[in-house]
Amino acid sequence: MNTIKGEHKLELIINKSSFITYLKNVTTVEDAKDYITYIKLLHPDATHHVTAYTIGKTGEYGHSSDDGEPSGTAGLPVLDVFRKNDITNFVCVVVRYFGGIKLGAGGLIRAYSKSASSTLALTEIVPIIEYTTFKATFDYSLFDLLENRLKNYEIIEKSFSSQVTLTIKVPKDELNTVISNLQTITNGLIKIVK
């Protein structure tokens, strides 16, 4: 799964109606709901506030709302744009100001889908990486070598007593490779605790 970086806004005029799309990275359902409330307060006189969000590393918490548009013509098409791109941890609000021309069901689906996909195209899509930590304990003589080899990873904590202990954060799918490499370069003179 992927997510987006930051917050984005895009306005499209489609058949005289204004569609203003707000898209933001969030990590909890509460954050998504708070953002929806915030956008509704920014546009209290809008005709519709169509919303969609998906939260969770596999997109397990999803929701969409047509907000008065005909059922299935607004919220679900917006949500589908993100599902098709394997995007989670986002909230999208499409604010519509009615311009006097009815779009019909097909026109609404196309307009809301275009609003969401055009805004998504402006964002940076990044993979969601799961991290894990482990502790490595070793002799002081290996400190410079190991610190250099671990420069691409986050060292969360350093502890110095009779030996050095580092707490290291690595992508979960790289854990075994990193540990194996550390054991190889130290000739097994390192203690690893997952």
Side-chain angles (χ1 to χ4, degrees), residues 1-133 154 169-174:
M1 292 293 284
N2 302 303
T3 191
I4 59 162
K5 275 193 171 181
E7 182 177 2
H8 305 274
K9 175 186 172 186
L10 178 68
E11 182 173 1
L12 298 175
I13 305 298
I14 301 171
N15 289 341
K16 296 188 179 180
S17 284
S18 175
F19 291 84
I20 308 166
T21 306
Y22 293 86
L23 177 59
K24 184 178 183 192
N25 172 275
V26 291
T27 54
T28 67
V29 171
E30 294 77 24
D31 288 345
K33 289 179 178 178
D34 288 347
Y35 189 71
I36 291 166
T37 300
Y38 166 70
I39 298 303
K40 285 181 177 181
L41 290 172
L42 281 180
H43 299 276
D45 54 342
T47 315
H48 303 282
H49 301 91
V50 170
T51 60
Y53 62 80
T54 303
I55 308 295
K57 62 184 176 183
T58 60
E60 55 266 31
Y61 303 104
H63 173 79
S64 66
S65 168
D66 294 318
D67 192 44
E69 293 284 25
S71 181
T73 62
L76 194 55
V78 169
L79 188 58
D80 281 345
V81 166
F82 298 95
R83 284 183 175 158
K84 288 175 184 173
N85 288 282
D86 291 323
I87 307 288
T88 188
N89 291 350
F90 76 91
V91 59
C92 183
V93 182
V94 183
V95 176
R96 181 183 183 198
Y97 287 92
F98 183 61
I101 298 174
K102 291 190 176 186
L103 302 179
L108 286 171
I109 291 169
R110 286 188 296 279
Y112 282 105
S113 294
K114 181 178 181 179
S115 295
S117 61
S118 297
T119 307
L120 181 59
L122 299 175
T123 68
E124 183 179 351
I125 298 173
V126 293
I128 294 178
I129 300 171
E130 283 189 70
Y131 289 91
T132 189
T133 61
E154 183 179 352
K169 179 179 167 185
V170 298
K172 201 172 189 175
D173 61 347
E174 294 180 32

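Scored by the side-chain contact (heavy atoms from CB on, under 4.5 Å) test, Leu41 finds Thr37 as partners (sequence neighbours excluded). Every residue two or more places apart in sequence or in another chain was checked for a side chain to side chain donor-acceptor pair (under 3.5 Å) with Thr132, and none qualifies. Partners of Thr73 according to the side chain to side chain donor-acceptor pair (under 3.5 Å) rule, which considers only residues two or more places apart in sequence or in another chain, do not exist here. Under the salt bridge (Lys or Arg N to Asp or Glu O under 4.0 Å) criterion, Lys169 pairs with Glu154, sequence neighbours left out.
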Donor-acceptor pairs under 3.5 angstrom involving side-chain atoms of residues 1-8: please list them, not counting sequence neighbours.
unit_1 : atom_1 : unit_2 : atom_2 : d
Thr3   : OG1    : Asn25  : ND2    : 3.0
Thr3   : OG1    : Thr88  : O      : 2.8
Thr3   : OG1    : Asn89  : O      : 3.2
Glu7   : OE2    : Tyr35  : OH     : 2.7
His8   : NE2    : Lys5   : O      : 2.9

Residues 105-117 side chain polar contacts: donor-acceptor under 3.5 Å, at least two apart:
unit_1 : atom_1 : unit_2 : atom_2 : d
Arg110 : NH1    : Gly106 : O      : 3.3
Tyr112 : OH     : Glu69  : OE2    : 2.7
Ser113 : OG     : Ile109 : O      : 2.9
Ser115 : OG     : Ala111 : O      : 2.9
Ser117 : OG     : Ser113 : O      : 2.9
Ser117 : OG     : Lys114 : O      : 3.3

Just list the side-chain donor-acceptor pairs under 3.5 Å for residues 97-104, sequence neighbours left out, or say none.
unit_1 : atom_1 : unit_2 : atom_2 : d
Tyr97  : OH     : His43  : ND1    : 2.8
Tyr97  : OH     : Asp45  : OD1    : 3.3

* With side chain to side chain contact (heavy atoms under 4.5 Å, CB included) as the test, would you mind laying out the steps for Tyr38 and Asp34 before giving the verdict? => CA-CA 6 Å; Tyr38 166 70; Asp34 288 347; over 6 Å; no
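Tyr131 has its side chain within reach of Pro171: a pair of non-hydrogen atoms, C-beta onward, lies under 4.5 Å apart. Within the 4.5 Å cutoff, no side-chain heavy atoms of Val78 are placed close to those of Val93. The shortest distance between side-chain heavy atoms of Leu12 and Ser118 falls below 4.5 Å. Side-chain contact between Phe90 and Thr123 is absent, with no heavy atoms from C-beta onward closer than 4.5 Å.
The side-chain hydrogen bond (donor to acceptor under 3.5 Å, both in side chains) contacts involving residues 76-86 comprise nothing, where partners must be two or more places apart or lie in separate chains. For residues 57-68, every residue pair satisfying the salt bridge (Lys or Arg N to Asp or Glu O under 4.0 Å) rule, not counting sequence neighbours, is listed here: Lys57-Glu130. Every pair tested for salt bridge (Lys or Arg N to Asp or Glu O under 4.0 Å) that includes a residue from residues 13-32 fails, sequence neighbours excluded, so the list is empty.
Closest non-hydrogen pair, Thr54 versus Gly59, comes out as CG2-CA, 3.3 Å. Counting all heavy atoms, side chain and backbone alike, Leu79 lies closest to Tyr53 at CD1-O, 3.9 Å.
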